[in-house]
Amino acid sequence: AQTVTQSQPEMSVQEAETVTLSCTYDTSESDYYLFWYKQPPSRQMILVIRQEAYKQQNATENRFSVNFQKAAKSFSLKISDSQLGDAAMYFCAYLTPFLAGGTSYGKLTFGQGTILTVHP
Amino acid sequence: DTGVSQDPRHKITKRGQNVTFRCDPISEHNRLYWYRQTLGQGPEFLTYFQNEAQLEKSRLLSDRFSAERPKGSFSTLEIQRTEQGDSAMYLCASSQTDEKLFFGSGTQLSVL
C-alpha cells in the first residue's frame with residue numbers, strides 16, 4: 001500500500017522569507033502523481049502544485065516550487081517570499097491511477113499535514 | 001464553472017440518528033469521490049463513482065454508510081445510526097481526468 005509521510009507537524013516562517021515543507025512517500029508503482037494541497041481555515045482543499053513522476057523537471061507555480069527526488073521518494077515544497085495568506089495546513093498527496101469497472105480513476109493518499117504559520 | 005458544492009456545511013446530530021449529505025459536482029465531471037477527514041489528519045478515500053456507477057468502496061465505508069449518484073449528477077452520502085466516531089469532515093471531489101480533482105468545502109459532522 002502507498003503511504004505518505006509528513007514529518008513536520010508544524011512549521012513557521014517570517015513574512016517574505018522562504019520555507020520548505022518535507023514529504024516522503026512509499027510506492028512500488030512507476031506511474032503516479034504527487035501533489036501539495038493547501039487547506040486554510042475555510043477547510044476548502046486547494047491544489048497548490050502537481051508533479052508527474054515521469055517528469056524529471058521540478059514543477060514550479062509562481063512562488064511555489066518542489067524538489068522531487070524520485071529515487072529517494074522525496075517531494076518537498078518550497079514557498080518563496082511567504083505571505084500571510086500562505087498560512088494554512090499543507091498536505092502532501094500521492095495519486096496513482098486505479099482500474100475499476102473498465103476505466104481508471106485516481107485515488108489520493110494524503111499525508112498527515114503540516115501547519116504553516118506566517119509571522120508578520 | 002461554479003465549483004463543487006456541498007450541503008449542509010455543518011450538521012450536528014445525536015447518536016443513533018440518520019444523516020444525509022449532498023454533493024453537487026462540477027457539471028461536466030463524470031468522476032465523483034467522497035473522502036473523510038478527521039481532526040488533524042489528511043483526508044481518507046471512501047468511495048468513487050463513474051457517472052452513476054459506484055465502482056470502488058473503501059473498507060472504511062461500513063454497512064451503515066451508503067452513497068448514491070442517481071443519473072450521474074449529484075451524489076448523496078447517508079450515514080445510518082450515527083456513532084460518535086463518525087464525527088468528521090466529509091469532503092466531496094469531482095474530476096474529468098484521473099489526476100485533477102476539485103474539492104468542495106466539505107460537510108462537518110458532529111455526533112453528540
Side-chain angles (χ1 to χ4, degrees), chain A residues 1-10 21 23-25 29 31-55 59 61 88-115, chain B residues 2-6 8-11 23 25-26 29-61 69 72 88-110:
Chain A
Q2 295 83 14
T3 58
V4 178
T5 302
Q6 293 178 248
S7 59
Q8 305 156 317
E10 298 183 31
L21 308 184
C23 172
T24 58
Y25 61 95
E29 302 288 337
D31 178 23
Y32 57 89
Y33 299 85
L34 295 164
F35 305 85
W36 280 96
Y37 281 89
K38 168 185 176 181
Q39 189 176 44
S42 67
R43 305 300 295 269
Q44 175 92 44
M45 196 70 75
I46 301 166
L47 177 63
V48 174
I49 200 165
R50 180 182 80 171
Q51 175 79 43
E52 291 93 335
Y54 65 86
K55 289 188 177 178
E61 289 286 343
M89 175 80 94
Y90 284 80
F91 290 99
C92 178
Y94 164 99
L95 181 150
T96 193
F98 280 82
L99 288 176
T103 66
S104 66
Y105 76 99
K107 182 192 296 184
L108 282 164
T109 299
F110 288 85
Q112 306 91 321
T114 297
I115 299 172
Chain B
T2 57
V4 178
S5 177
Q6 291 189 247
R9 287 296 305 273
H10 303 275
K11 178 70 178 178
C23 170
I26 294 171
H29 288 183
N30 56 4
R31 294 168 165 88
L32 187 145
Y33 313 79
W34 285 97
Y35 283 78
R36 181 172 70 185
Q37 184 180 18
T38 53
L39 195 62
Q41 299 295 317
E44 295 175 292
F45 172 82
L46 290 179
T47 191
Y48 161 67
F49 287 86
Q50 174 86 10
N51 299 312
E52 67 277 6
Q54 187 176 21
L55 298 182
E56 190 74 20
K57 290 197 296 185
S58 163
R59 57 181 172 78
L60 294 175
L61 215 64
R69 192 183 182 197
M89 173 75 81
Y90 291 84
L91 292 165
C92 177
S94 70
S95 72
Q96 206 167 17
T97 61
D98 285 349
E99 79 287 356
K100 194 168 185 180
L101 275 67
F102 294 82
F103 283 85
S105 296
T107 294
Q108 180 67 52
L109 173 66
S110 297

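For clarity, every value in this text was computed on a predicted model and none was experimentally measured.
- Interface residue L108(A): backbone and side-chain heavy atoms are both found under 4.5 Å from chain B.
- Neither the backbone nor the side chain of Q6(A) comes within less than 4.5 Å of any heavy atom in chain B.
- Between the Q51(A) side chain and the K55(A) main chain, a donor and an acceptor come within less than 3.5 Å of each other.
- Put simply, of Q39(A), R43(A), Q112(A), the one with the most heavy-atom pairs under 4.5 Å next to chain B is R43(A).
- For Y32(A), no part lies under 4.5 angstrom from a heavy atom of chain B.
- Shown here are the side-chain hydrogen bond (donor to acceptor under 3.5 Å, both in side chains) partners of T109(A), two or more places apart in sequence or in another chain: there are none.
- Applying ring-ring contact (aromatic ring centres under 6.0 Å, His included) to F45(B) and the options Y33(B), W34(B), Y35(B) leaves one that passes, Y35(B).
- Under the side chain to side chain donor-acceptor pair (under 3.5 Å) test applied with T47(B), the options R69(B), Q54(B), K57(B), R36(B) reduce to a single match, Q54(B).
- Side chain of Q6(B) to backbone of C92(B): a donor-acceptor contact under 3.5 angstrom is found.
- Of the two parts of L101(B), the backbone and the side chain both hold a non-hydrogen atom closer than 4.5 Å to a non-hydrogen atom of chain A.
- Formation of a donor-acceptor pair under 3.5 Å by the Q108(B) side chain with backbone atoms of R9(B) is not found in this model.
- For the options G40(B), G104(B), A53(B), G106(B), heavy-atom pairs under 4.5 Å to chain A are most numerous at G104(B).
- Between chain A and the options P43(B), S95(B), A93(B), the largest number of non-hydrogen pairs under 4.5 Å is found for P43(B).
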